[in-house]
2 protein chains.
Amino acid sequence: MLRMSRSSGGYHHGNLHVALEDAALELLETTSAAKISLREVARRAGVSHNAPYHHFGDRAALLGALGVRGMAALLDAQEKAVAAAEGPVERVRALGLAYVRYAAAHPQAFSLVFDPDYCAAGSPSAGMAPLIARNEELLGSEVAALVREPGYEGRDPMALSAALWSTVHGMAQLITLGHLPLEAAEPALHALVQ
Amino acid sequence: MLRMSRSSGGYHHGNLHVALEDAALELLETTSAAKISLREVARRAGVSHNAPYHHFGDRAALLGALGVRGMAALLDAQEKAVAAAEGPVERVRALGLAYVRYAAAHPQAFSLVFDPDYCAAGSPSAGMAPLIARNEELLGSEVAALVREPGYEGRDPMALSAALWSTVHGMAQLITLGHLPLEAAEPALHALVQ
DNA sequence: CTCCAATGTTGGCAGTGTCCACTTTCTTGA
DNA sequence: TCAAGAAAGTGGACACTGCCAACATTGGAG
């Protein structure tokens, strides 16, 4: 039988893997990934400093798992925004705005997703690469629809996708850093895709 | 008289402040800022693990100083590129390309400059804010010239500046992460400023 | 020439990541 | 049904880190 919580007082936690991720995710709301310690996470989960090693190979693996969660949420936000928008132009803008808004709402998580020390290309944290690929496909298909619109015919979809991702990613970054106000995002996007 | 090097064997180094920055900068070429330890820097400078505290308040201060150096270099690269270009459109593109190329050439330094744990808005590391301001002025004046060109009249310079900085910053980020090839930068920039 | 502030030094503390050996519990197959 | 092994917990240890305190050396100002 599955023991779901530790409140029943057993030696085994029963759900520690996700409990650790949850605890770390909570810390990630107020602390940058670099400053999150495995021992503090273990403490929060009410478990010894070594228990995490039975669920994650090392600190980077736990942070990596968090990054995958973050990327999934980021992708989800974009998909929902695209589904709710109407025309091709509006859909591209909605996608970009969702990207930026997710970053603004969860700056540490967003930053973790693109932190090469834990997530990006460097580490093969299972599950991250497919999510990035899906994100690229999502953007690619929206841009493909966009370049069939009047005013966009003949634009190179690849270059446009790259430019859009860059813009949106840079806006996300600059906004979370305080160099740009969140309100600047929509006008800047309109300047680019009008 | 000023003792410039330690090779003369004195108890005092004579130039430790910059020697520490140099050693750290060397480490920064192969290691992310988060993984650079003050003690390792001290070792490289041939000095005890506590000497750095007489020149930098703490680890973040040393990394912050490195960030200022990095930002100065980034700004310099842009200024030189702008000076070497001819028309207003070309100048904006050259500026952006210089930004991206600096990031590609010094990924860790670039990343440090925009790492809120050491540099960005959060910490008042003397010297960083004015450099950022100068960079914004540089971009602003080039964009101001751009919007007087045929095809750009009536564009909001503020929104355009924000969009350009975002694009270029995002490209820099995505390229250093390996999500975009460096060769994608120029076409994407042309797609944006044509 | 003498003192002192700047700049070095060693030693120590608390916190961290990770390895090891051990204990407790769950599961599973004879 | 029950013994045995796997899974999941425990504490201890080690090397490393940032930083603090106390002490040593030295160059320069008076």
Side-chain angles (χ1 to χ4, degrees), chain A residues 1-24 27-28 31-67 112 115 117-119 123 125, chain B residues 1-24 27-28 31-67 112 115 117-119 123 125:
Chain A
M1 180 202 154
L2 210 56
R3 173 77 58 76
M4 289 313 284
S5 127
R6 206 177 194 220
S7 52
S8 21
Y11 182 91
H12 284 129
H13 185 288
N15 209 16
L16 187 53
H17 191 97
V18 323
L20 288 169
E21 287 189 14
D22 288 345
L27 281 175
L28 199 60
T31 318
S32 79
K35 291 183 183 161
I36 290 182
S37 94
L38 218 43
R39 285 168 113 108
E40 172 66 16
V41 172
R43 248 171 263 135
R44 295 241 176 170
V47 103
S48 91
H49 71 272
N50 253 333
Y53 285 90
H54 290 275
H55 298 271
F56 300 93
D58 59 7
R59 194 183 100 100
L62 172 55
L63 276 305
L66 246 55
L112 171 59
D115 187 331
D117 284 348
Y118 308 114
C119 292
S123 78
S125 70
Chain B
M1 181 201 157
L2 210 55
R3 174 78 57 76
M4 289 311 282
S5 127
R6 207 181 196 214
S7 52
S8 21
Y11 182 91
H12 285 126
H13 186 290
N15 209 16
L16 188 52
H17 190 96
V18 323
L20 287 169
E21 286 188 16
D22 287 345
L27 280 175
L28 199 60
T31 318
S32 78
K35 292 182 182 162
I36 291 183
S37 93
L38 220 43
R39 284 166 111 109
E40 173 65 18
V41 171
R43 248 170 264 137
R44 295 243 175 168
V47 103
S48 90
H49 69 270
N50 252 334
Y53 285 92
H54 289 278
H55 297 272
F56 300 93
D58 59 8
R59 195 183 100 98
L62 172 56
L63 275 303
L66 246 55
L112 171 59
D115 187 330
D117 284 349
Y118 308 115
C119 292
S123 78
S125 70

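So you know, we letter chains A, B, ... as the sequences are listed, proteins then strands, and number each from 1.
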Engineer: Round to a whole Å and report the spacing from CG of B:N15 to P of D:dG27.
Structural biologist: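 One finds 15 Å between P of D:dG27 and CG of B:N15, rounded.
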Engineer: What I'd like to find out is whether the side chain of B:L38 reaches to under 4.5 Å of the side chain of B:H49, using heavy atoms alone.
Structural biologist: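 They are not in contact (no side-chain heavy atoms under 4.5 Å apart), so the answer is no.
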Engineer: Could you check how far NZ of A:K35 sits from C1' of D:dG18, rounded to whole Å?
Structural biologist: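 Distance check: A:K35 NZ to D:dG18 C1' gives 13 Å.
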Engineer: Do A:P52 and A:L62 come within less than 4.5 Å of each other through their side chains, counting heavy atoms only?
Structural biologist: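 Heavy-atom side-chain distance check fails, nothing below 4.5 Å.
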Engineer: Round to a whole Å and report the spacing from CG of B:L63 to P of D:dT17.
Structural biologist: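 Roughly 14 Å, once rounded to whole Å.
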Engineer: Can you see if the side chain of A:H55 gets near the phosphate of D:dG9 - specifically, an N or O under 4.0 Å from OP1 or OP2?
Structural biologist: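 A:H55 to D:dG9 OP1/OP2: side-chain N or O found under 4.0 Å.
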Engineer: I'd like to know if the side chain of A:R59 reaches the main chain of A:I36, judged simply by a donor and an acceptor atom lying under 3.5 Å from each other, with no hydrogens or angles considered.
Structural biologist: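 Such a contact is found between A:R59 side chain and A:I36 backbone.
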Engineer: Does the protein touch nucleotides 11-19 of chain C at the base, only the backbone, or not at all? Give it as B, S and - per nucleotide, heavy atoms under 4.0 Å.
Structural biologist: BB---SBBB
Engineer: With rounding to the nearest 0.5 angstrom, report the CG to NZ distance, B:L28 to B:K35.
Structural biologist: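 Reported value, rounded in 0.5 Å steps: 12.5 Å.
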Engineer: Which distance, rounded to the nearest 0.5 Å, do you find between the CG of A:L20 and the NE2 of A:H13?
Structural biologist: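 Going from the CG atom of A:L20 to the NE2 atom of A:H13 covers 7.5 Å.
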Engineer: Could you check how far CG of A:L16 sits from P of C:dC26, rounded to whole Å?
Structural biologist: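 From A:L16 CG to C:dC26 P: 15 Å.
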Engineer: What distance do B:L63 atom CG and B:C119 atom SG have between them, rounded to the nearest 0.5 Å?
Structural biologist: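 B:L63 atom CG to B:C119 atom SG measures 7.5 Å (nearest 0.5 Å).
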Engineer: Tell me: CZ of A:F56 to P of D:dA7, nearest whole Å?
Structural biologist: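 From A:F56 CZ to D:dA7 P: 17 Å.
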